[in-house]
K.L.:
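Structure provided below as structure tokens; questions to follow.
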Amino acid sequence: MENKNTLAVSEKKQHTNPIKRAFTAVSTKVNRIITTVTTMLTVTLMTTVSAFAAPAGGGGIGDEGVDQFNAVIEFFAKWIGRIGLVVAFVGGIMFALAIKNEDAEAKTRGLMTLASGFVVFALTLALDFFMTTP
């Protein structure tokens, strides 16, 4: 009579190298994180909702809601424009100090800061161009 019994627990070869064990643990955690993020993105994309605008004749949001929204946008635009002017002022000071020190890189940085401040200010002045009013 032959013995055909097998061991209930198979002997796995244990990693004796601690560095290899650490990399295995890290890769397991990374795989779990990637799987979690992928699942969250998939669920988010699958649960989209379509929204339709209300007809112009009535229903939905009224004119007071649009006026309140425009007031909030204009408030933020006013302060963002002021911040843009402050950035332009700082860029002008940086450029003036760079002229004094004859530093080419600082001159470039000052002019770029000056220009970016004026661009931000100009965008807030052109707010009517970007906003669509009914």
Side-chain angles (χ1 to χ4, degrees):
M1 201 165 197
E2 274 183 42
N3 185 6
K4 294 184 179 180
N5 294 334
T6 58
L7 292 175
V9 178
S10 63
E11 293 181 18
K12 286 188 175 180
K13 192 174 188 181
Q14 294 292 328
H15 296 293
T16 57
N17 189 353
I19 295 173
K20 195 169 187 179
R21 275 189 291 172
F23 279 119
T24 304
V26 169
S27 75
T28 304
K29 288 181 182 180
V30 168
N31 286 339
R32 283 185 185 170
I33 292 171
I34 289 172
T35 304
T36 303
V37 170
T38 305
T39 305
M40 289 171 47
L41 285 173
T42 303
V43 169
T44 303
L45 291 174
M46 290 174 55
T47 57
T48 58
V49 176
S50 298
F52 300 100
I61 191 168
D63 288 338
E64 64 274 352
V66 173
D67 293 338
Q68 288 176 352
F69 176 74
N70 287 339
V72 169
I73 295 297
E74 288 174 5
F75 173 77
F76 282 118
K78 179 173 63 171
W79 280 100
I80 290 171
R82 290 176 181 174
I83 291 170
L85 287 176
V86 169
V87 169
F89 180 72
V90 169
I93 292 173
M94 288 170 55
F95 180 67
L97 293 175
I99 289 175
K100 180 182 140 287
N101 293 334
E102 297 180 7
D103 185 8
E105 184 180 338
K107 287 179 190 176
T108 304
R109 198 175 321 121
L111 284 175
M112 294 296 286
T113 306
L114 181 75
S116 64
F118 282 135
V119 167
V120 169
F121 179 69
L123 284 174
T124 59
L125 289 180
L127 187 61
D128 292 335
F129 178 72
F130 293 110
M131 290 179 58
T132 58
T133 56

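The model shown is predicted, which means the values in this text are computed figures rather than measured ones.
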K.L.:
Any carboxylate oxygen within less than 4.0 angstrom of a Lys/Arg side-chain nitrogen, looking at R109 and E105?
P.N.:
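Counted as a salt bridge, because a side-chain N and a carboxylate O are separated by less than 4.0 Å.
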K.L.:
Which atoms form the tightest heavy-atom contact between I99 and K107, and what is the distance?
P.N.:
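Minimum heavy-atom contact is CA-CE, 3.9 Å.
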K.L.:
Once you round to the nearest 0.5 Å, how far does CZ of F69 lie from CD of E74?
P.N.:
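The distance works out to 10.5 Å.
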K.L.:
Show the numbers, then the answer: is there a side-chain contact (heavy atoms from CB on, under 4.5 Å) between M112 and T108?
P.N.:
CA-CA 6 Å; M112 294 296 286; T108 304; 4.3 Å; yes
K.L.:
Looking only at heavy atoms, which two atoms of L127 and A77 are closest? And how far apart?
P.N.:
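Closest pair (atom of L127, atom of A77, distance): CD2-CB, 3.6 Å.
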K.L.:
Indicate, with yes or no, if M46 and V43 share a hydrophobic cluster defined by side-chain heavy-atom contacts under 4.5 Å among Ile, Leu, Val, Met, Phe, Trp and Tyr.
P.N.:
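The answer is no; the residues belong to distinct hydrophobic clusters.
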K.L.:
In terms of hydrophobic clustering (I, L, V, M, F, W, Y; side-chain heavy atoms under 4.5 Å; direct or indirect links), are L111 and F121 co-clustered?
P.N.:
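L111 clusters together with F121.
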K.L.:
Tell me the closest heavy-atom pair linking V87 and S116, and the distance in Å.
P.N.:
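Scanning both residues completely, I find the closest heavy atoms to be CG1-OG, 4.1 Å.
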K.L.:
Please check if F89 and L97 belong to a single hydrophobic cluster, counting links between Ile, Leu, Val, Met, Phe, Trp and Tyr side chain heavy atoms closer than 4.5 Å.
P.N.:
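Yes, it is one cluster - the side chains of F89 and L97 are joined through contacts under 4.5 Å.
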K.L.:
How many angstroms lie between atom CD1 of I73 and atom OG1 of T124, to the nearest 0.5 angstrom?
P.N.:
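Interatomic distance, I73 CD1 to T124 OG1, rounded to 0.5 Å: 12.5 Å.
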K.L.:
Give, for atom CZ of F118 and atom CG of L85, the distance between the pair rounded to the nearest 0.5 Å.
P.N.:
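One gets 7.0 Å once the value is rounded to the nearest 0.5 Å.
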K.L.:
Identify which one of T38, T36, V37 satisfies the side-chain contact (heavy atoms from CB on, under 4.5 Å) criterion when paired with I34.
P.N.:
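Result for side-chain contact (heavy atoms from CB on, under 4.5 Å) with I34: T38.
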